[in-house]
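Note that these values count all heavy atoms, side chains included, but never hydrogens, waters or copies made by symmetry. Chain letters run A, B, ... following the sequence lines, proteins first, then strands; residues in each count from 1.
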Amino acid sequence: MDRLESYECRDLNLKATELRLGLLGSDERESKSGSGVTKSHKRAFPETAEDCISSTNSSRTPDTDRNGELQDCTPPAKAQVVGWPPVRSYRKNNLQQTRKISSDHHHHGNGGGMYVKVSMDGAPYLRKIDLSVHRRYPELLQALENMFMVSIGQYSESEGYSGSDYAPTYEDKDGDWMLLGDVPWEMFSSTCKRMRIMRSSEAKGLGCQ
Amino acid sequence: MRENRAEVTCGAGDYHTPGADQVLENVLENVLHFITSRRDRNAVSLVCKSWYRAEAHTRSELFVGNCYAVSPRRATERFRGINSVVLKGKPRFADFGLMPLNWGAHSAPWLTSFGAAYPWLEKIHLKRMSIKDEDLAHIARSFPSFKELTLVCCYGFGARGLAILASKCRQLRVLDLIEDEVNDDDVDWISCFPENVTCLESLSFDCVERPIDFCALERLVARSPNLKKLRLNQFVTIAQLYRLMVRAPQLTHLGTGAFSPSDNLAQDGEEPDYRAAFAACKSLVCLSGFREIVSEYLPAIYPVCCNLTSLNFSYANINSEELKSVVCRCRNLQTLWVLDTVRDEGLKAVAATCKDLIELRVFPIDAREDCEGLVSEVGLTAIAEGCRKLQSILYFCQRMTNAAVITMSKNCPDLVVFRLCIMGRHRPDHVTNEPMDEGFGAIVMNCKKLTRLAVSGLLTDKAFGYIGKFGKLVRTLSVAFSGDSDIALKYVLEGCFSLQKLEIMDSPFGDSALLAGVHHYYNMRFLWMSTCRVTLQGCRATAQALPGMVVEVFTSGSSAVRDDDEYVNILYMYRSLDGPRNDVPNCVRIL
């Protein structure tokens, strides 16, 4: 994966909405002139509006309206910049579990994220990923690829994940391990308890109906 | 542990008889035993060779603020009598996902050296380091007198390692796991503690994200008469908490776990008298936990409120009324951590009662830029007006005014730590639409004891002019999305001569600013610049000018910085006595 992948974490770009997976090709990004001057993108696709990020910051001239730049792209909710706001991942992850049981209280702007743990065979670290920021499998797979610095390959119903050493799987609420992509997204995101990126050799028996 | 006296030489340049010299060193060593502050000890060691030796013999705690600043060998050769170690690894911005996962900060080389040099080692404290199960096993094997392990923001280990530690370290007094990432393995480590009475004084496992065997825990608490601090994870229900509390009324620090009933609501019998359990803990001074709080249970803690000095509600989604009901009874509170769900109203209640408040942290329940602001300048002003003894504040908000910050600077002259995070990037004062320069300027001007500052909001170079001019004691400065040009960073590097840790993200500072600090970098622990405008040439020039610095460049992903990148994604630079480290992953370049 090339260096542009480092921007993947910061700028969810058009690629995130395309169905194809795999290595990044030449990029349609407007400006490669250093992350300090990346401009915000105007999005053509309404369903990807929320992926738009104005990662503007420092390229301000005296007559530039700072607020104007930020409002250049008008999404319902901005995607997040990596590292900002500076709240520890541990705290962010665990706040999602904070819940109110008593009936007379509302959630005050709780992001309502759905964090599930992800492990990868061979990696010593457990990570967590927020399923609620993704809308479909390609985005999730891209995020997993970024997170574990691995290529997961293409999904096909008949063959599972060919073309890579790994296959993403998840444990559903019945305790069964399934291949990612076997069920519709909504069913997956509501039943997924945790994920594991397995070596392809071990995943052979799963989900290949 | 004292080194064999016979090894001490008379040293070159002595004109006194060896006997008298020896007496002087003995006397000095006896005196030095009383000096515990590492800054004082560093000063002592600089007086002359004799004092250097005496200090090295008598130092018992080793503090290494950057594990790559010195090699384990050098440290263990100088200090021969260490029984307690503090080691820190990754810089703070690693917590926010900005560093590659495999960057480094491995504890193994250090632990191996310690195993050979300090077999009597009793305490280990690690922060932001990688420690594996094998390393925990190594600790258990190598240090028969081992007593205290504290791991803060560490990762790489799991219950397997904890089990080995628990079962082999028979003198273990402290096992504190604080905000670590603990591997998800299925070992019942709680059952591994010794079967007879334990020495445990402190057990904190709130970050362990698996249920533990509760019956084993209950038995452990019952056979740990010295247990004073117990911090449970969110899998301990309030009914289980009750059972533990009645076995340990001597507790001083309690992390309450979920503070809610289990999901399985089948109760066998009526609910216990939680309030009585709290009332029985007459020594309780510190409460935390409340991880899945059901606020109906809050009144149970009322009996201990008047004695509380520290209260951590930062995982508790409570509103202003609920907070008020608690803090109005907490006259002696010194430390308070809350979520912004308590709103400005909640902070007003704090200001009304907690006149001795020293530290306040307000965390966001929703850490995004564009959500509803739950706390604002109103809350900050209330705190400023009510809590005059405040020394440390961390405040997340969506909007702020200069006036509120100026008020705090005038009302709280004892401020040592001021960290304001206006989550919306580049937000000006929302009333005047001015930059936040004057507010932060007032803080550095009026708070003469300030050593730590974090800035945010819309800031021009002027703010940094103030910081450089007045922030003479500032040791740690955190900057994000601020400043207009290089001159801002130059102001800081030229003016803040106490600066030790400088972390900058997403600000328009380039090579010219970077090179302006060359006179000062050897005095610093580190410089971090991410997503700024420094180039590879600039970093190389710095590395060449400062051979004692290790200049690392990398990205937050898995790929390395390329020669044709216009700007370096992340620059992390630190002084080192032993040159570049030998465990660099492929994605990190050392210049």
So for B/M423, is it side chain, backbone, both, or neither that comes closer than 4.5 Å to the heavy atoms of chain A?
both

By a 4.5 Å heavy-atom criterion (distance strictly below it), what part of B/P364 contacts chain A: side chain, backbone, both, or neither?
both

NZ/A/K117 to CD/B/E181 distance, rounded to the nearest 0.5 angstrom?
9.5 Å

Select one option (side chain, backbone, both, neither) describing which atoms of B/D206 are under 4.5 Å from chain A's heavy atoms.
backbone

If you measure from CD1 on B/I365 to NZ on A/K92, what distance do you get to the nearest 0.5 Å?
14.0 Å

With heavy-atom distances below 4.5 Å as the criterion, would you say the side chains of A/R88 and B/C153 are in contact?
yes

For the residue pair A/P85 and B/R368, what are the closest heavy atoms and their distance?
CG-N, 4.3 Å

Do A/R91 and B/Y315 form a cation-pi contact, if we require the NZ or CZ to be under 6.0 Å from the six-membered ring centre and within 45 degrees of the ring's axis?
yes

Looking at B/C421 and A/W84, what are the two nearest heavy atoms and their distance?
SG-CH2, 3.8 Å

Evaluate whether atom CG of B/N586 has more than 12 neighbouring non-hydrogen atoms of other residues, nucleotides or ligands under 6.0 angstrom away.
no

Measure distances from B/D340 to the heavy atoms of chain A and classify the residue's part below 4.5 Å as side chain, backbone, both or neither.
neither

Before giving the answer on side-chain contact (heavy atoms from CB on, under 4.5 Å), spell out for A/V87 and B/F396 the whole-Å C-alpha distance, their side-chain angles and the decisive distance to 0.1 Å.
CA-CA 9 Å; A/V87 177; B/F396 282 86; 3.7 Å; yes

Per-residue contact mode, B/T535 against chain A (heavy atom under 4.5 angstrom)
neither

